[in-house]
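In what follows, a structure is listed as structure tokens, so that the remarks can point back to it.
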Amino acid sequence: MIHAKKGQGRLAALILAAGQGTRMESSIPKVLHHVGGRPMLYYILRIANALKPGAIGVVVGHESDEVKRRTLEMAKSVGFNRPIQFILQKRPLGSGDAVVESLPFLKKFKTAVVMCGDTPLLTYESIYNLTLTHEQLKGQATLFTARLPNPKGYGRIVRGALGEVQRIVEESVASSKELGISEVNSGAYCFEVESLVSGLRGIAKKGPKKEHFLTDVMEAIRAKGGRIHAYTSSNGEEIQGVNNRAQLSAAERVLNKRMLERLMLSGVTIRDPLSTHVDADVEIGQDTVIYPGTILRGKTKIGRMCRIGPFTHIEDTQIGNECEVRFSYVLSSRLLEKTSVGPFAHIRPESNIGPRARIGNFTEVKASRVGFGSKVNHLSYIGDADIAEDVNIGAGTITCNYDGKAKHKTEIGAKAFVGSNVNLIAPVKVGRGAKIAAGSTVTEDVPDEALAIARARQVNKT
Ligand code: UD1
Ligand code: CA
């Protein structure tokens, strides 16, 4: 197997990512637009890495510094273990030109897999099969193709009388007969580098923008006696490219569907897949139920037997077993076992809640700990607070953590009871087992077991 041989020099992976992405109508480089919560390029990098090539080349051009920076960031965050080399394409003169610029890199290898950075639905399985087909059929190039009911926008595969691949014709230069061909080019190929090098010498500038089409190299390779084969996908969905925002949303839908299917088959109940969005790296344990209108983003990890949703957004958050989060917004926090949040709660970053804690309706928690069994059930703001175990925070209680210049901490000891509508003016400490009368504005520390009353006595005038 090509990819399994350790010796460098066998296989290179090349990713084309220098295009401007004009059709995206965007100031963000196309390959950095997100699908499934990750830049499109991420999915291709992941496949490239999994092929275990000698090195991965990434052709950059438009906004090259940004694409480079993000590529290295992605590679680091998921532990890619292949060397990455950037190739600068000075001017966007087409996919053929991008590969010409990459030749000094490719020449160190015998075989090259070339993929486009804007086809995030490709699967490792298919690209691996492409390399196997290439190896078995011993041609000079092997294309990854698919038959689409609507081939519009793609290069078409022209085959001869015996079914042999002859060339790829781009839509912009295709005849009306060629436009009727349903087999299309995915933009992923496997090449013998030697044949690619000699083939590229012969290709001319074409189309309205006078570009070098990489696809023209097929005809050139054949003209020199080479053979072209194809590995055809059984599922056209995965070859979909993203050139505009409509295609971006189509890709998002496919990735989401894949993700939800994977979760359902691993034991997660998803009540309404059509209204549930889950990013590619989210993990969910068995027997958890996800209710409609739920969005799970980033590095969120949810335990077993939880009930999440309806209408809940959770991002970069770890949630233990048997938790419940309903109609709520939760960011970069931890909810420990058997904790319940919502309906209508806002949990802001760096909150650590539970186990067995309860955050109720219209409550906001920010950068705070709410300990074992503690309750903040109604209409509260808890910010920069450390709340120990078995504390009860009455309705409408506010930690006044900000004096206009700096943030201050509120500490509340175990088993304390804070009455309704209390203002805790931070920095302040409430001792273990202390009680605070409803309506108090607490400006001084409250000792353990003490009762604090900090409000004016009622006067009834007649
Ligand atoms: C390309 C293929 C088409 C195929 C389709 C699959 C060519 C000529 N056509 O068309 O046959 O069906 O992909 O999605 O290749 N790029 C560069 N430098 C450039 C131009 C492009 O690096 O100067 C990169 C882009 O970043 C992109 C890839 O090459 O990742 C393909 O370019 P794009 O303009 O999207 O080609 P398509 O029109 O989609
Ligand atoms: Ca494209």
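Residue numbers start at 1 and run along the sequence shown. Just so it is clear, the model here is predicted, and its values are computed rather than measured. Indexing begins at 1, ligand by ligand and atom by atom, following the structure's order.
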* Might you check, step by step, whether the distance between atom 3 (C) of ligand 1 and some protein heavy atom is under 4.0 Å? => yes

* Quick one: which of G117, S95, C116 has a heavy atom closest to atom 15 (O) of ligand 1? -> S95

* Provide the atom name of the closest N, O or S atom of D118 relative to the Ca ion (ligand 2). => OD2

* How far is atom 30 (O) of ligand 1 from its nearest protein heavy atom, and which residue and atom name does that atom have? -> L16 O, 2.8 Å

* Asked: Among side-chain atoms of T232 and T145, is any donor-acceptor pair under 3.5 angstrom?
  -> yes

* Set of residues satisfying salt bridge (charged side-chain N to carboxylate O under 4.0 Å, His left out) with respect to R358, sequence neighbours excluded -> none

* Asked: Could you state the interatomic distance from NZ (K366) to CG (D384), rounded to the nearest 0.5 Å?
  -> 3.5 Å

* Looking at I319, L296, T269, which one forms a side chain to side chain contact (heavy atoms under 4.5 Å, CB included) with I284? -> L296

Enumerate donor-acceptor pairs with a distance under 3.5 Å from any side-chain N or O in residues 57-68 to protein atoms, sequence neighbours excluded.
unit_1, atom_1, unit_2, atom_2, d
E66, OE1, R69, NE, 3.3
E66, OE1, R69, NH2, 3.3
E66, OE2, R69, NH2, 3.3

* May I ask which of Q240, Q89, H62, E211 has a heavy atom nearer to atom 18 (N) of ligand 1 than the others do? => Q89

* Any chance you could measure E315, atom CD, to S333, atom OG, to the nearest 0.5 Å? => 11.0 Å

* Just checking, any donor-acceptor pair under 3.5 angstrom between side chains of E192 and H134? -> yes

* Asked: Between R147 and E183, does at least one N-O distance fall below 4.0 Å, as a salt bridge requires?
  -> yes

* **Residue K30 vicinity, atoms of ligand 1 by number, heavy atom under 4.0 Å** => 35 (O)

* Asked: In terms of residue, atom name and distance, what is the protein heavy atom nearest to atom 35 (O) of ligand 1?
  -> D118 OD2, 3.0 Å

* Can you tell me which residue and heavy atom of the protein come closest to atom 22 (O) of ligand 1, and the distance to 0.1 Å? -> A18 N, 3.0 Å

* Are any of the heavy atoms in V184 under 4.0 Å away from ligand 1? -> no

* To do: Could you tell me whether T215 and ligand 1 have an N or O pair separated by under 3.5 Å?
  => no

* Are the side chain of S351 and the backbone of R348 linked by a donor-acceptor contact shorter than 3.5 Å? -> yes

* Are a donor atom and an acceptor atom from the side chains of Q240 and T119 found within less than 3.5 Å of each other? -> no

* Taking N or O atoms only and a 3.5 Å limit, does G155 qualify as a polar contact for ligand 1? -> yes

* **Nearest neighbour in protein (non-hydrogen) for atom 34 (O) of ligand 1** => R23 NH2, 3.5 Å

* **Residue L93 vicinity, atoms of ligand 1 by number, heavy atom under 4.0 Å** => 23 (O)

* R46 charged N/C atom sitting above Y43 aromatic ring, 6.0 Å / 45° -> no

* Structure fact -> To atom 23 (O) of ligand 1, the nearest of G94, A188, S102 on a heavy-atom basis is G94

* Asked: Just by distance, with hydrogens left out, do K52 and N81 show a side-chain donor and acceptor under 3.5 Å apart?
  -> no

* Could you tell me which atoms of ligand 1, counted from 1 in the order shown, lie closer than 4.0 angstrom to a heavy atom of P92? => 23 (O)

* Asked: So, T119 and the Ca ion (ligand 2): N/O/S under 3.0 Å, yes or no?
  -> no

* To do: Can you sort out which atoms of ligand 1 are near S186, meaning under 4.0 Å from one of its heavy atoms?
  => 6 (C), 14 (O)

* **Region of A17 engaging ligand 1 - heavy atom pairs below 4.0 Å** => backbone

* Asked: How about E238 and S126: does a side-chain donor come under 3.5 Å of a side-chain acceptor?
  -> yes

* To do: For atom 1 (C) of ligand 1, find the nearest protein heavy atom and state the residue, atom name and distance (0.1 Å precision).
  => E170 OE1, 4.7 Å

* Going by the order shown, which atoms of ligand 1 are within less than 4.0 Å of some heavy atom of N243? -> 35 (O), 39 (O)

* Are R91 and ligand 1 in contact, using a heavy-atom cut-off of under 4.0 Å? -> no

* Would a 4.0 Å cut-off, counted as strictly less than, catch a protein heavy atom around atom 13 (O) of ligand 1? -> no

* Asked: Could a heavy atom of G61 be found less than 4.0 Å from some atom of ligand 1?
  -> no

* Asked: So which protein heavy atom does atom 26 (O) of ligand 1 come closest to, and at what separation?
  -> G19 N, 2.9 Å

* **Short N or O distance, V31 and ligand 1, threshold 3.5 Å exclusive** => no

* Looking at atom 5 (C) of ligand 1, what's its closest protein heavy atom, distance included? -> N185 O, 4.0 Å

* Would you check if the side chain of T399 reaches a backbone N or O of N401 as a donor-acceptor pair within less than 3.5 Å? => no

* Asked: Would S26 and H33 count as having a side-chain donor-acceptor pair, cut-off 3.5 Å?
  -> yes

